[in-house]
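Okay, structure first, notes after.
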Amino acid sequence: MNRQEQLLIFILVTIQFTHVVDFMMMMPLGKQFMELYTIEPQQFSLLVSSYAFAAFLAGLGGSLFIDRFDRRSVLLLLYAGFAMGTISCGLANSYGLLLAARALTGMFGGLLGATVFAIVGDVIPFERRGRAIGLIMTGFSVASIVGVPTGIYLASIYGVRMPFLAIGSLAAVFFALAWWVLPAMRSHLQTIDGNSAHATPKEVVNAVLNDRNQRKALLFTLVLMLGHFTIIPFIAPYMQMNIGFSEKEVAMLYGVGGTVTAICLPVFGRLADRYGHVLVFGIASAAALFSIFAITNLPPVALPVALLATSSFFMVASGRSVPATTLVTSVVKPEKRGSFMSIRQSVNEAGLGLSSFISGLIVVKNPDGCLGHYEIAGYFAILMSIVAVWLAKRLRTVS
């Protein structure tokens with residue numbers, strides 16, 4: 001990548017970092033939220049799924065218009081709204097207000113992620129796109145290494161609201177940096193002959209409905225999300241309530257897992273570019289099956305064993321997302337990519353919300369305080385992972 005591309009990727013990574021930390025922060029604090037508001041696992045899962053379902057609806061609406069504007073303007077507007085929503089989560093003082101604040105944040109956060117990947121698809125050629133997406137997705141790793149452990153530490157001292165105030169403040173700083181650095185991005189607004197290329201809302205919808213390849217890509221996105229997020233919301237509560245780990249030990253699980261992922265994600269991107277995205281996705285998904293089974297059937301074990309199980313899952317689950325995202329960004333041409341990626345992000349968020357909702361229906365709190373039926377959620381995730389591999393082989397790239 002040239003220097004201009006590297007600077008752009010750096011800005012997108014910082015945006016992705018705050019976006020991911022905000023979303024991830026709910027899950028390791030699950031036990032604390034359940035105790036603070038005296039709620040059951042099903043009510044906690046709503047805190048996670050409210051963000052996702054709001055992002056789903058916003059993404060569907062945004063997909064009708066997102067390609068009609070400068071990518072820079074859209075990105076900055078969404079990021080400002082995301083920062084305000086995150087701060088509102090920190091100011092909420094009841095379960096109901098927090099639920100509403102999470103939905104508000106999701107409205108902006110869902111479209112934000114779609115815009116980030118649309119920009120990558122516009123700017124970075126396909127032969128180098130896997131590496132670029134791998135770098136952007138290190139936002140997840142850095143969030144696990146730095147963001148989540150720091151958030152848990154702040155929550156243990158100042159309460160569970162403080163991490164969200166900190167994330168919102170950091171997002172405000174990164175917003176100023178993005179405003180200063182990002183150039184206008186209007187290449188998707190014109191065709192080669194200089195004529196306007198953006199589609200009307202009706203054309204956006206028809207483009208997806210009439211394109212079998214795009215429909216398969218959306219189904220693939222949904223199934224993949226069901227293939228790993230069904231178990232994610234309850235990893236931290238399970239480690240605390242069933243295995244007996246402390247908050248500091250849970251923070252270590254996320255930190256070590258994030259470190260391993262940060263090292264491996266760019267490698268997954270380069271391997272996908274070299275050997276094929278479908279092949280690398282299939283291998284990573286096969287490895288994920290064992291990790292999902294290990295986590296959801298884990299008995300009381302020593303910390304090193306739990307670290308092995310969780311770190312392997314974070315690595316392969318994130319690693320398979322790199323070739324998966326590259327494949328999905330490439331099923332549509334640049335002038336329609338923003339709209340499609342917004343719809344794709346909506347489907348992704350719908351899958352996320354549905355996954356959390358399903359896990360909330362499956363997982364129960366036993367009379368002894370432990371979580372039950374977590375292994376059933378794992379078996380469901382394994383089945384969806386297998387279906388995702390089958391679908392990946394049937395996608396066709398066009399750009």
Side-chain angles (χ1 to χ4, degrees), residues 56 59-60 63 113-114 117-118 120-122 124-134 137 199 203-230 265 268-292 316-355 358 379-399:
F56 164 69
L60 285 182
S63 67
F117 287 115
V120 174
D122 287 349
I124 309 298
F126 180 73
E127 61 270 15
R128 291 188 278 115
R129 199 174 296 160
R131 181 185 178 191
I133 289 178
M137 293 183 70
E203 290 171 338
V204 170
V205 175
N206 287 339
V208 175
L209 294 179
N210 297 328
D211 190 325
R212 185 180 180 185
N213 196 41
Q214 291 186 36
R215 296 198 305 271
K216 285 191 292 185
L218 296 179
L219 178 60
F220 169 68
T221 296
L222 176 64
V223 172
L224 179 59
M225 184 56 66
L226 292 172
H228 65 254
F229 203 83
T230 307
L265 268 182
F268 275 103
R270 288 194 292 270
L271 289 174
D273 286 339
R274 182 173 181 179
Y275 296 106
H277 298 85
V278 174
L279 175 62
V280 173
F281 174 78
I283 294 173
S285 294
L289 303 183
F290 296 97
S291 297
I292 293 171
V316 293
S318 300
R320 68 179 175 175
S321 295
V322 174
T325 304
T326 305
L327 285 169
V328 171
T329 63
S330 307
V331 301
V332 63
K333 293 186 179 299
E335 62 269 17
K336 298 179 180 179
R337 184 173 287 126
S339 296
F340 175 75
M341 289 305 291
S342 182
I343 295 175
R344 179 261 180 188
Q345 186 68 22
S346 293
V347 172
N348 194 69
E349 298 292 351
L352 190 155
L354 183 60
S355 299
I358 290 173
Y379 299 143
F380 177 79
I382 288 173
L383 175 61
M384 291 298 101
S385 296
I386 295 172
V387 175
V389 174
W390 180 80
L391 288 170
K393 295 179 179 179
R394 283 153 180 79
L395 294 180
R396 177 175 55 87
T397 60
V398 298
S399 66

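Heavy atoms only: backbone and side chains are in, while hydrogens, waters and symmetry mates are out. Numbers here are sequence positions counted from 1.
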>> Measuring from atom CG of Leu327 to atom CG of Leu391, what distance do you get when rounded to the nearest 0.5 angstrom?
In response: 11.5 Å

> Taking all non-hydrogen atoms of both residues, which atom of Thr230 and which atom of Ala381 are closest, and how far apart?
Replying inline: CB-CB, 4.4 Å

>> Can you tell me how far apart CE (Met384) and NE2 (His228) are? Round to the nearest 0.5 Å.
In response: 13.5 Å

>> Let me confirm one number: the OG1-CG distance from Thr326 to Asp273, rounded to the nearest 0.5 Å.
In response: 6.5 Å

> Which of these, Val280, Ile283, Val278, Leu279, sits in a side chain to side chain contact (heavy atoms under 4.5 Å, CB included) with Pro323?
Replying inline: Val280

>> As an exercise, state the distance from OG of Ser285 to CD1 of Ile382, rounded to the nearest 0.5 Å.
In response: 12.0 Å

> How far apart are the closest heavy atoms of Val331 and Ala217, and which atoms are they?
Replying inline: CG2-CB, 3.9 Å

> For Gly227, does its backbone N or O pair with a side-chain atom of Ser385 as donor and acceptor, under 3.5 Å?
Replying inline: yes

> Can you tell me if Lys216 uses its side chain to pair, donor with acceptor, with the backbone of Arg394 under 3.5 Å?
Replying inline: yes

> Residues in side chain to side chain donor-acceptor pair (under 3.5 Å) with Thr325, at least two apart?
Replying inline: none

>> Would you say the rings of Phe281 and Phe220 are close, in the sense that their centroids are separated by under 6.0 Å?
In response: yes

> Roughly how far, to the nearest 0.5 Å, is the CG atom of Leu354 from the CG atom of Leu226?
Replying inline: 5.5 Å

> Of the non-hydrogen atoms in Ser355 and Met225, which two are nearest, and what is the gap between them?
Replying inline: OG-O, 3.4 Å

> Taking all atoms of both residues into account, what is the closest heavy-atom pair of Ala324 and Leu224, and its distance?
Replying inline: CB-CD2, 3.6 Å

> Between Val322 and Gly269, which heavy-atom pair has the shortest distance, and what is it?
Replying inline: CG1-CA, 3.7 Å

